[in-house]
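Just so it is clear, the values below take in all heavy atoms, side chains as well, and ignore hydrogens, waters and symmetry mates. Below, chain A is the first sequence line, B the second, and so on; all start at residue 1.
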Number of protein chains: 2
Amino acid sequence: MPHYKLTYFNLRGRAEIIRYLFAFSGIKYEDHRIEQADWPKIKPTIPFGKIPILQVDGVTLHQSLAIARYLAKETGLAGQTPLEQALVDAIVDTTDDFMSMFPWGEKNQDVKQQIFNDLLTNTAPGLLRDLESFLGDQKWLVGKTVTWADFYWDVCSTTLLFLKPDLTDNYPKLLALKERVQALPAITAWIQQRPKTTL
Amino acid sequence: MPHYKLTYFNLRGRAEIIRYLFAFSGIKYEDHRIEQADWPKIKPTIPFGKIPILQVDGVTLHQSLAIARYLAKETGLAGQTPLEQALVDAIVDTTDDFMSMFPWGEKNQDVKQQIFNDLLTNTAPGLLRDLESFLGDQKWLVGKTVTWADFYWDVCSTTLLFLKPDLTDNYPKLLALKERVQALPAITAWIQQRPKTTL
Ligand SMILES: [Mg+2]
Ligand SMILES: [Mg+2]
């Protein structure tokens, strides 16, 4: 088993999907959390200057979803067939496209609040309606078993629900899916033990 | 071999990486190009309301990069090992993050031009420097053989160079990589025969 070292801020953010995959699979890793204040001196040492990164023995992987997909394939959570894997990837990217619309780093708090409100109130319902309809009466988003697309829904919706607690009130199937993910024993345990952060 | 039907606008845009993979592998597909005027009536019939989609026998795949990765795996262009595949995915997502910063649909032409100029002049050099340094003296971005990350660099940079013809002047290795991709006989042939569009 390689030595895995994950580097990110002390946030769930873009690293939490990776931490879910480690938690679920039981693979040991170093969950290295850096201080925001140290980021400017660390950034130039990292390929492409962004975190999370995952160091796998000598190799540095970047891009949260590329890292997550790598771990999902290693642990059987990527989808059972090539077509299922493509659907998993598509659901993840569709969810991620929405998360990436938020101006997380915007300094002007009025501007930030206004865009956040607009996305949560006017844009989110379209995505949630489509995801709910894609899920339908299936237990998991793609195929017969849990995949990292289900994990990503839980990770992202946890942050969205922190921002807008009634966000999923009209989407009972998506809410039930979230509960199923959080009821997986390794995920339940991880949520209890992880550092508490707002994002 | 399944029947493949690709649906997109008559643009390179987000479908061109998929067309490159079909061209390179020689797999037959239907390159269905819709008129912009027909999009409003087609959009509600498409899961998640975005194109490109790829119909594979009965299954509809969405999200351009998920579709491209599916084809890349089918045709041996996804990377030779799990770690190489993760690096390919990461390079693709890093390139795509930059392409996604452009407000392609902005109606106000002054605003659009100003943001485009800022991205091309001030943001692009950081990405190009990092990509050039990642490539180094290798022939291809990841591993010993061509992958869809190389194709994606060519596809995206073709559009970027249309917008700013001197964009890659300081990045001779990236420019040489682009030439290597375009010199692959199946890609040369596709570029000659494809419908000519600006984007
Ligand atoms: Mg995307
Ligand atoms: Mg991304």
Side-chain angles (χ1 to χ4, degrees), chain A residues 2 14 18 43-44 46-50 52-75 78-79 81-98 100-101 103 126-136 142 149, chain B residues 2 14 18 43-44 46-50 52-75 78-79 81-98 100-101 103 126-136 142 149:
Chain A
R14 293 206 156 272
I18 299 166
K43 185 176 168 69
I46 288 180
F48 298 95
K50 298 219 174 94
I53 55 167
L54 182 71
Q55 288 163 294
V56 184
D57 290 336
V59 180
T60 299
L61 300 181
H62 65 114
Q63 281 281 352
S64 58
L65 301 183
I67 296 168
R69 186 177 301 105
Y70 165 79
L71 292 172
K73 288 191 286 192
E74 298 281 304
T75 57
T81 67
L83 279 173
E84 283 187 12
Q85 291 177 13
L87 288 169
V88 166
D89 285 355
I91 294 294
V92 165
D93 273 0
T94 292
T95 309
D96 193 66
D97 282 350
F98 179 64
S100 299
M101 294 170 84
L127 171 68
L128 297 173
R129 186 200 57 216
D130 288 350
L131 276 178
E132 175 109 345
S133 127
F134 184 88
L135 175 60
V142 179
Chain B
R14 293 206 155 272
I18 298 166
K43 185 177 169 72
I46 288 180
F48 299 95
K50 299 220 173 94
I53 54 166
L54 182 70
Q55 288 164 292
V56 184
D57 291 334
V59 180
T60 299
L61 299 180
H62 64 114
Q63 281 283 351
S64 58
L65 301 183
I67 297 168
R69 184 178 303 106
Y70 164 79
L71 292 172
K73 288 191 285 192
E74 298 281 304
T75 57
T81 67
L83 279 173
E84 283 186 14
Q85 291 179 12
L87 288 168
V88 166
D89 286 355
I91 293 295
V92 166
D93 273 0
T94 292
T95 308
D96 193 66
D97 282 349
F98 179 64
S100 299
M101 293 170 85
L127 171 67
L128 297 172
R129 184 200 58 216
D130 288 350
L131 276 178
E132 175 109 345
S133 129
F134 184 87
L135 175 61
V142 178

Against chain B, residues from residues 129-136 of chain A with at least one heavy atom under 4.5 Å, in numeric order, are A:Asp130, A:Leu131, A:Phe134
Chain B neighbours within residues 81-88 of chain A, where any heavy atom lies under 4.5 Å away
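A:Pro82, A:Leu83, A:Gln85, A:Ala86, A:Leu87 fall under the 4.5 Å cut-off.
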Those residues that, when tested against B:Ala90, pass side chain to side chain contact (heavy atoms under 4.5 Å, CB included) (two or more places apart)
A:His62, A:Gln63, A:Ala66
Which bit of B:Ile91 is near chain A, if near means a heavy-atom gap under 4.5 Å: side chain, backbone, both or neither?
both
Winner by heavy-atom pair count (cut-off under 4.5 Å) against chain B, out of A:Leu127, A:Thr94, A:Val59
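Looking at each option in turn, the highest pair count goes to A:Thr94.
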Rounding to 0.5 Å, atoms CG (B:Leu65) and CG (A:Leu65) come to a distance of 10.5 Å
Can you pull the salt bridge (Lys or Arg N to Asp or Glu O under 4.0 Å) pairs that have at least one residue in residues 55-70 of chain A, sequence neighbours excluded?
A:Arg69-A:Asp89, A:Arg69-B:Asp89
Looking at B:Lys50, I want to see if its NZ is surrounded by more than 12 non-hydrogen atoms of other residues, nucleotides or ligands under 6.0 Å.
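It does not: B:Lys50 NZ has 12 such atoms or fewer within range.
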